[in-house]
A.B. asks: 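I'd like to ask you about the structure that follows.
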Amino acid sequence: MQVLHTSISDKAYEALSSLIITQRLKPGERLIEEQLAKEMGISRTPLRDAINRLAKDGLVIIEPRKGASVKAFKIEDVMEIYDIRMALEGLAARLAVARLEGKDLKRLREKFDSQDARVLVKADTELHELIIRSCGNEKLMGILENLNTHIQLFRVAGYGSQVRSEHATADHIKIVEALMQQDGRR
C-alpha cells in the first residue's frame with residue numbers, strides 16, 4: 001500500500017489556492033509572507049514554495065522589490081482560458097460519452113433545476129469533473145486539471161451574476177442532455 005505524504009508546502013499551496021479561488025484574497029492583494037506564515041502557523045520557507053507554485057500556475061504575480069500579489073485577471077485572460085477549455089473539454093466529452101452512466105447524468109441534470117447559486121456552482125463543477133474523469137485519456141485529463149484552478153476562480157465569480165447564472169445553467173442543461181443522448185459532438 002502506497003502512503004502519500006502531504007508536505008507543509010503542499011498544504012500551504014492548497015490553503016492559499018482556496019483563499020484565492022473563493023476570493024478571500026482579492027485580485028491585486030499583496031501576499032505578506034510574515035503575516036501569512038504566522039496565520040498558517042508555518043515558517044516562511046514552505047509558504048514561499050507555495051507562493052512560487054501559485055506564480056507558476058498563474059494565480060500570483062511576483063515582482064522584484066514589491067513581493068507577491070494575487071493576479072488580477074483581465075477579460076482577455078478569461079477568454080483565452082475559456083477558448084482552450086472549450087476545445088479540450090469538447091474533445092473530452094466526445095471521448096467520454098460512451099463511458100458515462102445514465103444514472104449519474106440524470107442525478108446531475110436534476111441539480112441544475114435548483115435556484116440556489118451554491119448548488120449550481122457545485123453541479124457545474126461536478127459536470128466538468130465527470131466529463132474529464134470519464135474521457136479515458138490521461139494526458140488530456142492532466143491538462144484539463146491544470147486549467148481547473150483558473151476555471152474554478154472564474155466559475156465562482158460568474159455565478160454571482162443572475163444573468164450569467166441563468167445562461168450557464170441553460171448551457172449546462174443542454175450539455176447534460178446531449179451526453180444523455182450520447183451525442184458527444186453536440
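Keep in mind that the numbers below use all heavy atoms, side chains included, and drop hydrogens, waters and symmetry copies. In what follows, residues are counted from 1 in the order of the sequence shown. Note that the structure is predicted; figures quoted are calculated from it, not measured.
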A.B. asks: Please assess Leu54 against Ser17 for the test side chain to side chain contact (heavy atoms under 4.5 Å, CB included), listing each intermediate value before the final yes or no.
C.D. replies: CA-CA 7 Å; Leu54 289 164; Ser17 178; 4.0 Å; yes

A.B. asks: Please report the closest heavy-atom contact between Leu108 and Ala123, naming both atoms and the distance.
C.D. replies: CD1-O, 3.7 Å

A.B. asks: Does the pair Gln181 and Glu177 meet the rule for a side chain to side chain donor-acceptor pair (under 3.5 Å), with working shown?
C.D. replies: CA-CA 6 Å; Gln181 296 167 3; Glu177 289 174 350; 5.9 Å; no

A.B. asks: Within the side chain of Asp77, is there an N or O that forms a donor-acceptor pair under 3.5 Å with the backbone of Lys74?
C.D. replies: yes

A.B. asks: About how many Å separate CD1 of Ile62 and CG of Leu31, when rounded to the nearest 0.5 Å?
C.D. replies: 8.5 Å

A.B. asks: In terms of heavy-atom contacts, does CG of Leu88 have more than 12 from other residues, nucleotides or ligands at under 6.0 Å?
C.D. replies: yes

A.B. asks: So do Lys71 and Val60 actually touch side chain to side chain, heavy atoms under 4.5 Å?
C.D. replies: no

A.B. asks: Roughly how far apart are Asp171 CG and Leu127 CG, rounded to 0.5 Å?
C.D. replies: 11.0 Å

A.B. asks: With rounding to the nearest 0.5 Å, note down the distance linking CD1 in Ile143 to CG in Asn146.
C.D. replies: 8.0 Å

A.B. asks: Working to the nearest 0.5 angstrom, can you tell me the gap between Leu140 CG and Glu145 CD?
C.D. replies: 9.5 Å

A.B. asks: Check Val176, Thr125, Leu105, Leu179 against Leu130 for a side chain to side chain contact (heavy atoms under 4.5 Å, CB included) and give me the one that passes.
C.D. replies: Leu105

A.B. asks: Minimum heavy-atom separation for Ser114 to Asp116, with atom names?
C.D. replies: OG-N, 2.9 Å

A.B. asks: Taking all atoms of both residues into account, what is the closest heavy-atom pair of Met40 and Ala12, and its distance?
C.D. replies: CE-O, 4.0 Å

A.B. asks: Counting distance only, does the side-chain N/O of Arg53 pair as donor-acceptor with the main-chain N or O of Asp49 below 3.5 Å?
C.D. replies: no

A.B. asks: Would you say the side chain of Leu144 lies within less than 4.5 Å of the side chain of Ile151, judging by non-hydrogen atoms?
C.D. replies: no

A.B. asks: State, to 0.1 Å, how close Ser69 and Gly28 come at their nearest heavy-atom pair, and which atoms those are.
C.D. replies: CB-O, 3.9 Å

A.B. asks: Does Lys26 use its side chain to pair, donor to acceptor, with the backbone of Gln23 at less than 3.5 Å?
C.D. replies: yes

A.B. asks: Does Glu14 offer a backbone N or O that forms a donor-acceptor pair with the side chain of Ser18 under 3.5 Å?
C.D. replies: no

A.B. asks: Could you measure the distance from the CG atom of Asp183 to the CZ atom of Arg94? Nearest 0.5 Å is fine.
C.D. replies: 11.0 Å

A.B. asks: How about Leu47 and Leu16: do any of their side-chain heavy atoms sit closer than 4.5 Å?
C.D. replies: yes

A.B. asks: For Glu76, does the CD atom sit with more than 12 other heavy atoms under 6.0 Å from it, leaving out its own atoms?
C.D. replies: yes

A.B. asks: Less than 6.0 Å separating the ring centroids of His128 and His172?
C.D. replies: yes

A.B. asks: Applying the salt bridge (charged side-chain N to carboxylate O under 4.0 Å, His left out) criterion to Glu126, which one of Arg133, Arg109, Arg107 satisfies it?
C.D. replies: Arg107

A.B. asks: For Ile51 and Glu33, which heavy atoms make the closest approach, and how far apart are they?
C.D. replies: CD1-CG, 4.0 Å

A.B. asks: Under 3.5 Å, is there a donor-acceptor pair between the side chain of Arg30 and the main chain of Lys66?
C.D. replies: yes

A.B. asks: Flag yes if Ile61 and Val78 sit in one hydrophobic cluster, no otherwise; membership is Ile, Leu, Val, Met, Phe, Trp, Tyr, and two members link when side-chain heavy atoms are under 4.5 Å apart.
C.D. replies: no

A.B. asks: Judged by atom type as modelled, is there a donor-acceptor pair below 3.5 Å linking the side chain of Asp57 to the main-chain atoms of Leu59?
C.D. replies: no

A.B. asks: Under the 3.5 angstrom rule, does the side chain of Arg99 hit a backbone N or O of Cys135 as a donor-acceptor pair?
C.D. replies: yes

A.B. asks: How far apart are the closest heavy atoms of Ser134 and Leu100, and which atoms are they?
C.D. replies: OG-CD2, 3.2 Å

A.B. asks: Enter the distance from Leu19:CG to Leu36:CG here, rounded to the nearest 0.5 Å.
C.D. replies: 8.0 Å

A.B. asks: Is the CD atom of Glu34 crowded by more than 12 outside heavy atoms at less than 6.0 Å?
C.D. replies: no

